[in-house]
Amino acid sequence: MSRLRPALLIAAKDLRVEMRTKDILPAVGLFALLVVTVASFAFPTSGPGREGVAAGMLWMAFLFAGLLGMGRSFALESEEACIAGLVASPAPSESIFIGKLLSNLVFTLAAEAAILPAFLVLLQLNPGPGLPLLLVTSVAGTFGIVVVGTLLSAMAVNTRTREAILPILAIPISVPALIASVQATQAALEGKDIAAAAPWLFLLVGYGAMFLLVALATFPYVLEE
Amino acid sequence: MTQQRVAAPPESPAAKRIPLWKILALPTVALMGVLVYAALALAPEDADQGPAQRIFYIHVPSAWIAFLAFAVVFVASVALLATGKRKWDDRAVASAEVGVVFTTVVMLTGPLWARPVWGVYWEWDPKLTAVFILWLIYMSYLALRSYVPDPSRRARFSAVLGIAGFLDVPIVYLAVRWWRGLHPEAVVLGKGGPQLPASMLQILLFGVFTFTLLYLVLFTLRLHVGRLRSAQEEVQA
């Protein structure tokens, strides 16, 4: 309990800050929409196999938007030395990580929830019976990307480039999660049910769990001054 | 070299040893020459693949060394976080740089072979993709290092990436294998014979041995450069 409570407090603080400043979500949602727009000019969006192209576009949008939001989230934390305050507080470093992870998850999932209906309408896709798989994949894939992104964004904001280096660090490591998410999303857009993409979901859960452990083990060293 | 310092600091016996790279450099260069000769002249010509197959004696040892180098980065990264000693960071970065060089060699020699044998320079096969992602991960590792000026923070940050990146590789491989496995229309890659003729195997093993020496030379030389660089940083500080 003593670890979860500070984590929830930190996440609640981030959400409260966002409610007041609206610094992250509008920009992230708009950015995701722009990625989908640019991609739909660049790739064929009709004809056979368009579900695969659409799945790739959707995850490009999710990934770039998520990275933008996570970079912003930690950049705000390091302005005014807020992160130093968190480190000095009695909250253990795992709680700081979980707190930032929760708020990043909420931001990224909220942006995705806004973009997903627009995406389906714009590309004239109807997942039908694939909807549960689409939602489960979005959550599981986002979890993996956000775990890795939260850990790496804490490092990125402490470099000379600030958060600009985050995509360079995060995208190569996110490759397995991206492959699995795109494959499962393609199955969902083709109207398949959850069982059809079980190996991909299994891989996403394994990826998320492993990097959660890695992040919890290494995060104290990232925060150290 | 004068030997007059009586109260030597504890590190000095090690410092006075002849460094490994000085001992191994010349023999390694000689063995590399022998390896090239063996690969080009002594090895039998592959019945299916022709002369292109000879690049295998450089390609496979390079891949082996790349994995060895990144495993060393992983171990050194764990040791750095556990002990906080700077020498582990020196070892990690030395091995990462050598590993990136060998991965680059793998990715240059692979397509040269693939073009005549498969007909294409590149195919998103699990091994190729995993090696490519591996290369990207360690390029980002080196990029991260160049953007963190503080040595202690640089050591910790790159150790975190050294651990996460290495653990990622098996999952990348698994993901790509499933991905291609679900698409049977993908090119079926010629695996070559499962058993290598003895004459080929001997040269391959000799290549792995020679490349291991080459790794040791480059790794210890890079450690030496790193020490000179930190000495310079200390003088400037």
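Letters A, B, ... are given to chains in the order of the sequence lines, protein chains preceding strands, and every chain is numbered from 1.
In terms of non-hydrogen atom pairs under 4.5 Å with chain A, the most contact-rich of Ile171(B), Val148(B), Leu136(B), Asp150(B) is Ile171(B). Chain B forms the most heavy-atom pairs under 4.5 Å with one residue out of Leu151(A), Leu178(A), Ile179(A), Val214(A), and that residue is Ile179(A). The greatest number of non-hydrogen atom pairs below 4.5 Å with chain A, out of Leu144(B), Val169(B), Ile163(B), is found for Leu144(B). The candidate from Leu167(B), Leu174(B), Leu134(B), Leu81(B) with the greatest count of non-hydrogen atom pairs under 4.5 Å with chain A is Leu81(B).
Ring geometry, Tyr138(B) versus Phe70(B): the interplanar angle falls under 30°, so the pair is classed parallel (tilted spans 30 to 60°). Classification of the Trp124(B)-Trp179(B) ring pair by plane angle, with boundaries at 30° and 60°, yields tilted.
Taking the centre of each ring, Tyr207(A) and Phe211(A) come in below the 6.0 Å mark. Checked against the 6.0 Å centroid criterion, the rings of His59(B) and Trp113(B) do not qualify as a close aromatic pair.
Tested against Asp89(B), the residues Arg156(B), Arg145(B), Arg153(B) include a single salt bridge (Lys or Arg N to Asp or Glu O under 4.0 Å) partner, Arg145(B).
Neither the backbone nor the side chain of Thr129(B) comes within less than 4.5 Å of any heavy atom of chain A. Proximity to chain B involves both the backbone and the side chain of Leu169(A), based on heavy atoms less than 4.5 angstrom apart. Neither the backbone nor the side chain of Ile171(A) comes within contact range of chain B; no heavy atoms are under 4.5 Å apart.
Distance check, rounded to the nearest 0.5 Å: CG of Leu67(A) to CD1 of Ile168(A) gives 11.0 Å.
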